[in-house]
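These notes are about the structure you will find just below.
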Amino acid sequence: MAQLSVEEVGRYGRQLILPEWGRRGQESVKGNSVLIVGVGGLGCPCALYLAAAGIGRLGLLDYDRVELSNLHRQVLHCENRVGVAKSESGRDAVKGLNSHISVTTHTVLLDSSNALSILSQYDIIVDATDNVATRYLLNDGCVLLGKPLVSGSALRFEGQLTVYGWRGGPCYRCLFPSPPPPASVTNCSEGGVLGVVPGVIGSLQALEALKIASGMEPLYSQQLLLFDALGGGFRTIRLRPRQPQCAVCGENPSITALIDYELFCGSRADDKDKRVDILDPELRVSPQEYSEVVSGGKPHLLLDVREEVEYQICHLPHSRNIPLCHLQNGSLDATWEWILETTPTANDPTYSVFVVCRRGNDSQLAVKLLCEHGKAKGRGEEVVIRDIIGGLVAWSETVDPLFPKY
Ligand SMILES: [Zn+2]
């Protein structure tokens, strides 16, 4: 058991006097180590409370760098550390808070080749990532090494928390033997999140990790906490127990070493946006080519297929907002007819319809839907519809640096 210094007794006095915690709990926490995988919206508050409470050794793992759009929720980072590795920015922040703890940074993307050697250096693992491939990777690694996994997630106004692999409790695979279809998974970058929601869940992850480290029982083994920040508050549901036929923690496991998780899940193990590429090259223009259409005064139509809430944040002049979901849900024909009405009828070959979205994925889907609809009506030749490659993000990066990037 680690011994407390006089200074540490003074620092942790308010929690030392809790009978459930006491000197014994504090010394146990000092003797324990926690790895936080993902120093983002969940990992930042979690790291803050673990450091403040006096965890002996903290590991901070993240391959990514701090961006301005992280700061509303990733509260360890700050404006003058934009561009710095998140693991290092996080280390500087928690060392400033508590110089008694030891902090190790891992600036890598966790994968099957490095996971076991990194996870094995810690007593407790916190999953603060938001992609499915890493969830399976962490789960299997923790089962193989016999370590508890404190798992959290937060999206939009909703959060979840549970502890896997705690004293005979279920693992992630017991509950989800196979991954969801890749297209059904949304991350914060696509779906949005209110910053305080991961703040609440990350703080609760710190609480569960501290209870384990101090020798107390975690509350959410085989239980899932659901947090609905819009109207429902907190609710707990009981999870199914460990499954004897589970592929990794069952009685005859088929997974006895780490596998290729990107292949298994059909999705990437980072939180970056997936890029689709579904159109013929002649149906795509670069932002520069579109800006020449605008500056040359060429007549054209610009459809912006983002959600209305995003259109209200910023949009290009003279664009018309028709969300992709409207095209997918009934207004395709009306939009097609409207395009034909607006387009000069004399088959003006210089006239084009352009479609834009945030990153150039939805715009391709919209072009595909509209072109297929036109063909089905036998009128596909009457108008040329193209998407703007990379969308408004590429526009702000290559044509107009003053255009808002969100
Ligand atoms: Zn299992």
Test side chain to side chain donor-acceptor pair (under 3.5 Å) applied to Q312 - qualifying residues, sequence neighbours left out: E308
Measure across [X] and [Y] and return the closest heavy-atom pair with its distance rounded to 0.1 Å.
{"X": "C46", "Y": "V126", "answer": "SG-CG1, 4.0 Å"}
{"X": "I339", "Y": "V353", "answer": "CG2-CG2, 3.8 Å"}
{"X": "Q26", "Y": "L16", "answer": "CB-CD2, 3.4 Å"}
{"X": "A115", "Y": "L258", "answer": "CB-CD1, 3.8 Å"}
{"X": "A47", "Y": "L76", "answer": "CB-CD1, 3.9 Å"}

Gap between atom CZ of F354 and atom CG of L303 - 0.5 Å precision: 11.0 Å
To the closest 0.5 Å, what do you measure between SG (C78) and CG (N70)? 12.0 Å
Residues which pass side-chain contact (heavy atoms from CB on, under 4.5 Å) with [X], listed by chain and number, not counting sequence neighbours:
{"X": "F234", "answer": "V200, L204, L225, F227"}
{"X": "F403", "answer": "C314, L316, L392, W395, S396, D400"}
{"X": "N98", "answer": "R11, Y12, H100, I101"}
{"X": "S319", "answer": "L302, D304, Y311, H315"}

Can you list the residues that meet the ring pair (Phe, Tyr, Trp, His ring centres under 6.0 Å) rule with [X], with sequence neighbours excluded?
{"X": "F176", "result": "Y172"}
{"X": "Y261", "result": "none"}
{"X": "F264", "result": "Y136"}

Look at E381 together with K375 and state whether they make a salt bridge at an N to O cut-off of under 4.0 Å. no
If the threshold is 4.0 Å, N to carboxylate O, is there a salt bridge linking D140 and R173? yes
Pair listing, ring pair (Phe, Tyr, Trp, His ring centres under 6.0 Å) test, anchored in residues 108-129, at least two apart: H106-Y122
Side chain to side chain donor-acceptor pair (under 3.5 Å) pairs touching residues 212-221, sequence neighbours excluded, are W166-E217, R167-E217
Using distance only, find each side-chain donor-acceptor pair of residues 28-41 under 3.5 Å and give its atom names and separation, not counting sequence neighbours.
residue	atom	partner	partner atom	Å
S28	OG	A213	O	2.5
K30	NZ	Q3	O	2.7
K30	NZ	E8	OE1	2.8
K30	NZ	E8	OE2	3.4
N32	ND2	S28	O	2.9
N32	ND2	A213	O	3.2
S33	OG	D123	N	3.1
S33	OG	D123	OD2	3.1

Is a side-chain N or O of S331 found less than 3.5 angstrom from the main chain of H326, in a donor-acceptor match? yes
Verify the neighbour count for atom NZ of K95: are there more than 12 heavy atoms of other residues, nucleotides or ligands below 6.0 Å? yes
Salt bridge (charged side-chain N to carboxylate O under 4.0 Å, His left out): pairs with one or both residues in residues 278-293, sequence neighbours excluded: D277-R284, R284-D387
